[in-house]
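FYI, side chains are in, hydrogens and waters are out, and symmetry mates aren't considered; it's all heavy atoms of this structure. All chains are named by letter (A, B, ...) in the order of the sequence lines, taking the proteins before the strands, and each is independently numbered beginning at 1.
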Amino acid sequence: MMGNKVDSGFFLMDVLEVAPRLLGKIITIRDDEDIVKRYRISEVEAYRGEEDKACHASKGRTERNDVMYLEGGHVYVYLIYGMYWMLNIVTGKTGNPQAVLIRGVEGYGGPGKLTRIMNIDRSFYGEDLNTSKRIWIEEGEKLKYVQTPRINIDYAGEFWKNKPWRYIVTT
DNA sequence: TCATTGATTTCA
DNA sequence: GAAATCAATGAT
């Protein structure tokens, strides 16, 4: 059954609006063998602009975070700890570096595990969710969730570390 | 709690 | 150039 792709305007809202609304939506991947797989989003984290010390854009625009400065709807992928690809969705308007980290989908918790299962790597960097033929987001049901502080951002300082910008679907 | 792991970033 | 850092994970 084919779901409806989300409207491109959805990704242009502020990251704090987009993050909770992504819960329950479907990440859809078409692989090299033309097989389409769907994953329901269950956990995300929001990273919000240069002022957010936990955000990769907190020290300005670099080669790595460049795509965060583009219009919402692009895909931001990067390697962490030399082993794990992280999947992020850029949000907000052009020049406003925000992104949502996909931390979990139904059946698979953990951002590094997801990308391994979905076969997501560097080649997805900069993909446009509105036009890409191999990754996009489909509408899903609205789910209840709780908020907690973000994980593994001790370097960001107490103020930013304590922001409850991690969103988890409740069962 | 600790080793893994290497691209990116930071410091010189 | 060299050194430090890091949106994590799995084993101990």
Side-chain angles (χ1 to χ4, degrees), chain A residues 10-27 29 39-93 95-129 132 135-137 143 145-170:
Chain A
F10 172 74
F11 303 108
L12 301 181
M13 296 188 291
D14 187 273
V15 70
L16 297 182
E17 303 283 333
V18 176
R21 287 174 170 79
L22 272 174
L23 298 172
K25 287 189 168 51
I26 312 294
I27 298 173
I29 307 281
Y39 304 89
R40 189 184 307 276
I41 299 171
S42 60
E43 180 180 342
V44 299
E45 276 178 5
Y47 289 86
R48 190 168 186 263
E50 292 183 345
E51 64 167 9
D52 177 2
K53 292 289 184 245
C55 181
H56 282 171
S58 66
K59 289 173 182 164
R61 196 167 185 164
T62 67
E63 191 172 0
R64 179 174 71 154
N65 66 30
D66 192 68
V67 74
M68 292 181 89
Y69 286 80
L70 301 183
E71 190 172 67
H74 290 265
V75 174
Y76 172 37
V77 174
Y78 65 91
L79 188 69
I80 191 67
Y81 303 119
M83 285 181 263
Y84 305 107
W85 294 104
M86 299 286 107
L87 172 63
N88 300 253
I89 294 173
V90 175
T91 70
K93 294 170 184 162
N96 194 350
Q98 309 182 331
V100 178
L101 168 66
I102 308 299
R103 290 193 63 89
V105 296
E106 206 169 72
Y108 307 99
K113 295 185 194 173
L114 301 188
T115 51
R116 204 171 56 205
I117 286 149
M118 298 177 185
N119 266 311
I120 283 172
D121 59 18
R122 154 124 268 163
S123 73
F124 281 79
Y125 185 96
E127 285 280 332
D128 183 345
L129 292 170
S132 176
I135 183 169
W136 64 91
I137 307 293
L143 299 174
Y145 61 89
V146 293
Q147 295 179 233
T148 79
R150 296 170 290 180
I151 300 294
N152 274 322
I153 54 161
D154 289 349
Y155 60 89
E158 288 302 306
F159 180 79
W160 295 102
K161 188 182 165 185
N162 291 333
K163 294 277 184 195
W165 290 353
R166 178 186 183 208
Y167 305 81
I168 310 167
V169 168
T170 52

Phosphate oxygens OP1/OP2 of C:dG10: is one of them under 4.0 Å from a side-chain N or O of A:Arg116?
yes

Have A:Glu106 and A:Ser42 got a donor and an acceptor in their side chains that come within less than 3.5 Å?
no

Does A:Tyr155 place a side-chain N or O at less than 4.0 Å from the phosphate oxygens OP1/OP2 of C:dA7?
yes

Could you identify which residues of residues 48-62 of chain A place a heavy atom less than 4.0 Å from some atom of DNA chain C, listed by residue number, or say none?
A:Ala54, A:Cys55, A:His56

Under 4.0 Å between a side-chain N or O of A:Asn152 and OP1 or OP2 of C:dA7?
no

Between A:Glu45 and A:Arg103, is there a donor-acceptor pair closer than 3.5 Å when you use the side chain of the first and the backbone of the second?
no

Any strand counts, and the cut-off is 3.5 Å on both contacts for Watson-Crick or G-U wobble. Which nucleotide pairs with B:dT5?
none

Heavy atoms from C-beta onward define the side chain here; which of B:dA7, B:dT5, B:dT9 lies closest to that of A:Tyr81?
B:dT5

Non-hydrogen side-chain atoms of A:Leu22 and A:Phe10 separated by less than 4.5 Å:
yes

Qualifying residue for side-chain contact (heavy atoms from CB on, under 4.5 Å) with A:Asp14, from A:Leu16, A:Leu12, A:Val18:
A:Leu16

Checking B:dT8, C:dT9, B:dA7 against the side chain of A:Pro111 (C-beta onward), the nearest is C:dT9

Do A:Arg116 and A:Tyr108 meet the cation-pi criteria used here (NZ or CZ under 6.0 Å from the six-membered ring centre, within 45° of the axis)?
no

Output one line per pair: protein atom, nucleotide atom from nucleotides 1-3 of chain B, and distance, for all N/O pairs under 3.5 Å.
none

Donor-acceptor pair under 3.5 Å, A:Tyr78 side chain vs B:dA7 base
no

Pair partner, C:dA7 [Watson-Crick or wobble, under 3.5 Å]
none

Tell me whether the OP1 or OP2 atom of C:dA7 has a side-chain N or O from A:Arg166 closer than 4.0 Å.
no

Looking at C:dT12, which nucleotide sits across from it as a Watson-Crick or G-U wobble partner, both distances under 3.5 angstrom, or is there none?
none

Answer with base, sugar-phosphate or nothing: what part of the nucleic acid does A:Arg103 contact at a heavy-atom distance below 4.0 Å?
sugar-phosphate

Between B:dC11 and C:dA7, how many Å separate the two P atoms, rounded to a whole number?
16 Å

For B:dT8 and A:Arg122 - does any side-chain N or O of the residue sit under 4.0 Å from the phosphate oxygens OP1/OP2?
yes

